[in-house]
Amino acid sequence: MEVIMSQQPEERYEDTLLYRIRHSAAHVMAQAVLDFYPGARYTIGPPVENGFYYDFELPEPIKEDDLEKIEKRMRQIIAGGHPFVKKVLSADEARQVFKEQPYKLELIEGLEQGGFDEYGNPLEEKPEISIYQHDSFTDLCRGPHVESTRQINPSAVKLMSIAGAYWRGDEHNPMLTRIYGTAWSTSKELEEYLHMLEEAKARDHRKLGKELEIFFYEDEVGPGLPLWLPRGAVIIDELEALAKEMEDKAGYVRVRTPHLTKEDLFVRSGHLPYYAESMYPPMEIEGIKYYVKPMNCPMHHKIFSSKPRSYRDLPVRLAEYGTCYRYEKSGELFGLMRVRSMQMNDAHIYCSEDQFEQEFMGVIDLYKKYFDLFGIGKYSMRFSLHGKAGLGKKYVDNERLWLKTEEMVRRAMQNGGVPFVEAQDEAAFYGPKIDVQIWSAIGKEFTLATNQVDFAVPERFDLVFMNRDGVEETPLCIHRAPLSTHERMIGFLIEHYAGAFPVWLSPEHVRVIPITDNQNAYGAAIVAQLREQGIRASVDISSQRMNAKIREAQLMKVPYMLVVGENEASAGMVSLRVRDGSRQDNIPLAEFITRARERISTRSAQL
RNA sequence: GCCCACGUAGCUCAGUCGGUAGAGCACACCCUUGGUAAGGGUGUGGUCAUGGGUUCAAUUCCCAUCGUGGGCUCCA
């Protein structure tokens, strides 16, 4: 299992030639843009993964079609072989250079005070102020750059897209125009990159989800509210069966809770004070406000407190595949990965402090089992901590407990030997968490699974258990969702498997393909036998030729095709064609059933 | 929510520099009954996202709304 962690790579990206090429290409692009839009104000233009961008405030809107001419101008500039010249300046000198560039003046201010670097990141030390100049373009910049524009390969640079971006990433600031570009050492690398993007599109869950009839969206239903088709519902059922099986073994019990709750509950839980932005507005019935739940925890807390608990009862592990609704801004929605209605693989573990480590790591173990099963190798465990500035706003205001629980988590993870990266200001409002970060086919990062500590809410709910000494004690609560939500998990799995699910997860295990209509009845009989054995099967009795039927089954990525013609029917056999193209002709149905049942029951990755 | 782009048949897409639209697949019917990724023919199907405006005339131009996409912000 490959774990992406706080690795010490041989060479930091910042130190590579490619980084300098991209950084320099950003400057060249800025020059080209300024040539076309002399009134433009320019801000920052750093290298990023696979390329670079530059943010501008433009006097007029720019169109995708304009990228071509900018690219052309860039090539001219590159061909000029202009050296990149660095100059260190005083703040006042810098202000003189950029006197007509308000964004640059703001950056100089930050540099002078030592608070921020040119990208707005906080800095420890007061940096030197430098500019880089090439041809007619001068930028406030700490570098590094290539020596000459000639070191940028003009046939390995491409402008990709235009996007909006807030100045300094703050939505209260003006919206700038961002131009993304990509740059490589050779045109071959560029081509490979573009090819990779094409391939990523092919496994995009939004495309495959439609083609494989897993889910869809309907305008009249609403954005972010997916409709699961029968094939998608099968996957959901399989995941739930898996979760139940694993959770049963791990000592969870299942509960069920309503989708709606009175306002008071969410006031008590802290959702309304801290999480209201993500909640749907209330509805009023008989003078009482009700909210659709964004999380299941408050109800689970009520179940915990529904009777007196002894330390002997702990840990109590309440599990529910609860359906939650969150208001996500329209522009944030993304296929199945970011939705407004979601079903969470939720559970709350109530435990004493001395049980915490074991319980917390028990959840991490569960992750690992799932990830092994799915063959998920590329992920990162992110330890999400609170941010001091958010205390009392997005985080429960109790710094002492934040620090204490964060230390508990850190220690548990270290003792368990699980690698992780720490992330400031990413916690839940009620406590720190371990998030499992994954990447969608097109490279967006998402939190898949999550394991969260809650030190705040049990107290708000007066949750207690009687300890050994006969004294009431507040339990800790662990919120966890190893299988994420059905939406995000299945979105991820579609991409992970490129739609070719392992047999157990395949919406259709077997497609029976009669060669002629004469075998339709035989095919139907086989389907009946397969279903009897718990195998999901259907028979294709369309008027198409066998070749077309096979093609269709292949396109739907059905793992097993059973071709039955005259020979099979008369001998009571089947001919197996596996999704990978391999074949076993004229085998007894029972032999196939044994194979299929073995693959399904063991949730095998093998076909 | 913000910036930009897009929205034509169930799906994937052409097209109209303003004169009410076309292909392939899918679907229906007919012919074909065919051994491992598309047999042939005929036909059905669109108020060109929705609502306004300009115009003799709007699917095409303009505005608004809804939705989708690329980003930003935000997140399971």
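We name chains A, B, ... by the order of the sequence lines, and we start the count at 1 in each one.
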Just to verify, which of A/Phe492, A/Phe215, A/Tyr321 counts as forming a ring pair (Phe, Tyr, Trp, His ring centres under 6.0 Å) with A/His486?
A/Tyr321
By side-chain hydrogen bond (donor to acceptor under 3.5 Å, both in side chains), A/Glu171 pairs with (sequence neighbours left out) A/Lys329
A/Asp66: which residues meet the salt bridge (charged side-chain N to carboxylate O under 4.0 Å, His left out) condition with it, sequence neighbours left out?
A/Lys69
Sticking with atom C1', work out how far B/rU55 lies from B/rG69, rounded to a whole angstrom.
33 Å
Residue set satisfying side-chain contact (heavy atoms from CB on, under 4.5 Å) with A/Val292, at least two apart, ordered chain then number -> A/Leu260, A/Met283, A/Tyr325
Which of these, A/Phe371, A/Phe420, A/Phe446, sits in a ring pair (Phe, Tyr, Trp, His ring centres under 6.0 Å) with A/Tyr379?
A/Phe371
Where does the angle between the aromatic ring planes of A/His386 and A/Tyr395 fall among parallel (under 30°), tilted (30 to 60°) and perpendicular (over 60°)?
perpendicular
Go through the structure and list residues passing side-chain contact (heavy atoms from CB on, under 4.5 Å) with A/Ser582, not counting sequence neighbours.
A/Val578, A/Asp580
Expressed as a whole number of Å, how far does the P atom of B/rU59 sit from that of B/rA49?
9 Å
Residue pairs fulfilling side chain to side chain donor-acceptor pair (under 3.5 Å) with at least one residue in residues 210-222 of chain A, sequence neighbours excluded
A/Lys207-A/Glu211
Nearest-angstrom distance, C1' atom, B/rG22 to B/rU60
16 Å
Nearest-nucleotide comparison on RNA chain B, the residue closer to the 5′ end among A/Lys63 and A/Asn518
A/Lys63
For A/Glu591, check salt bridge (charged side-chain N to carboxylate O under 4.0 Å, His left out) against everything at least two apart and list the hits.
none
Using the P atoms only, state how far B/rU32 lies from B/rA14, rounded to an integer number of Å.
39 Å
Same-atom distance (P) from B/rU42 to B/rC4, integer angstrom:
48 Å
Given protein heavy atoms under 4.0 Å, the one-letter contact record of nucleotides 70-76 of chain B, with B base, S sugar-phosphate only and - none, is simply BBBBBBB
What string of B, S and - do you get for nucleotides 34-50 of chain B 5' to 3' if you count protein non-hydrogen atoms under 4.0 Å?
BBBBBB-----------
Quote, to the nearest angstrom, the P distance that separates B/rU50 from B/rA58.
15 Å
Residue pair A/Arg382, A/Ser384: steps toward the side-chain hydrogen bond (donor to acceptor under 3.5 Å, both in side chains) verdict:
CA-CA 6 Å; A/Arg382 184 180 76 181; A/Ser384 298; 3.1 Å; yes
Positive for salt bridge (Lys or Arg N to Asp or Glu O under 4.0 Å) with A/Asp55, one of A/Arg178, A/Arg168, A/Arg41:
A/Arg178
Can you give me the dot-bracket string for RNA chain B, 5' to 3', counting Watson-Crick and G-U wobble pairs with both distances under 3.5 Å, using [ ] for crossing pairs and | for partners on another strand?
(((((((..((((.....[..)))).(((((.......))))).....(((((..]....))))))))))))....
Rounded to whole angstrom units, what separation is found between the NZ atom of A/Lys207 and the C1' atom of B/rG69?
15 Å
I need the CG-C1' distance between A/Leu176 and B/rC4, as an integer number of Å.
13 Å
Applying salt bridge (charged side-chain N to carboxylate O under 4.0 Å, His left out), can you list everything that pairs with A/Lys444, at least two apart in sequence or on another chain?
none
Please identify each residue that fulfils ring-ring contact (aromatic ring centres under 6.0 Å, His included) with A/Tyr252, with sequence neighbours left out.
none
Output the rounded distance in Å from CD (A/Glu213) to P (B/rA26).
13 Å
Say we look at B/rU8 and B/rC3: how far apart would their C1' atoms be, to the nearest angstrom?
26 Å
Please list, pair by pair, any protein nitrogen or oxygen found under 3.5 Å from a nitrogen or oxygen in nucleotides 10-17 of chain B.
residue : atom : partner  : partner atom : Å
B/rU12  : OP1  : A/Lys210 : NZ           : 3.2

When the ring planes of A/Phe429 and A/Tyr275 are compared, do they come out parallel, tilted or perpendicular, using 30° and 60° as the limits?
tilted
Spacing between A/His205 atom NE2 and B/rU68 atom P, to the nearest angstrom
12 Å
Quote, to the nearest angstrom, the C1' distance that separates B/rU12 from B/rU68.
16 Å
